[in-house]
Amino acid sequence: AGAAARDPLGHRSIVYGFVVLFFLRGLQRLIAQEEIATALQIDSGRNIVNAVFFLLMAAALVWLFRAASKSAGPAT
């Protein structure tokens with residue numbers, strides 16, 4: 001993660017790996033909402049907020065990565 005933070009365009013696979021990780025974490029929280037609420041005693045409202053947070057992080061990474069790719073020009 002540190003290498004991707006320093007040079008995201010040179011470590012595309014790590015960046016997109018985190019996108020997939022955050023997306024799956026958000027999706028997991030939505031799919032397993034009842035189990036999370038029952039087993040971990042987490043309120044469903046808080047669980048939804050956490051799921052949205054993970055999905056927004058994934059979207060933000062994609063958006064920022066595309067913006068960085070455009071500003072870098074056609075060389076990368």
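None of these values were measured; they are calculated from a predicted model.
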**OP:** Using a 4.5 Å cut-off on heavy atoms from C-beta on, say whether the side chain of Val19 contacts that of Tyr16.
**Re:** yes
Using residues 35-60 as the side-chain source, report each donor-acceptor pair under 3.5 Å to any protein atom, sequence neighbours left out, with the distance given to one decimal.
unit_1: Thr38; atom_1: OG1; unit_2: Glu34; atom_2: O; d: 2.9
unit_1: Gln41; atom_1: NE2; unit_2: Thr38; atom_2: O; d: 2.8
unit_1: Asp43; atom_1: OD2; unit_2: Gly45; atom_2: N; d: 3.3
unit_1: Asn47; atom_1: OD1; unit_2: Arg29; atom_2: NH1; d: 3.0
unit_1: Asn47; atom_1: ND2; unit_2: Arg29; atom_2: O; d: 3.0
unit_1: Asn50; atom_1: ND2; unit_2: Arg46; atom_2: O; d: 3.4

Original post:
Any idea which heavy atoms bring Ser69 and Leu9 closest together, and the distance?
Top reply: OG-CD2, 3.4 Å
**OP:** Taking atom CZ of Phe23 as the centre, report whether more than 12 heavy atoms of other residues, nucleotides or ligands fall under 6.0 Å from it.
**Re:** no
Original post:
side chain to side chain donor-acceptor pair (under 3.5 Å) with Gln28: which residues, sequence neighbours excluded?
Top reply: Arg25
Original post:
Linking I/L/V/M/F/W/Y whenever their side-chain heavy atoms sit closer than 4.5 Å, directly or via other members, would Val20 and Leu27 fall into one cluster?
Top reply: yes
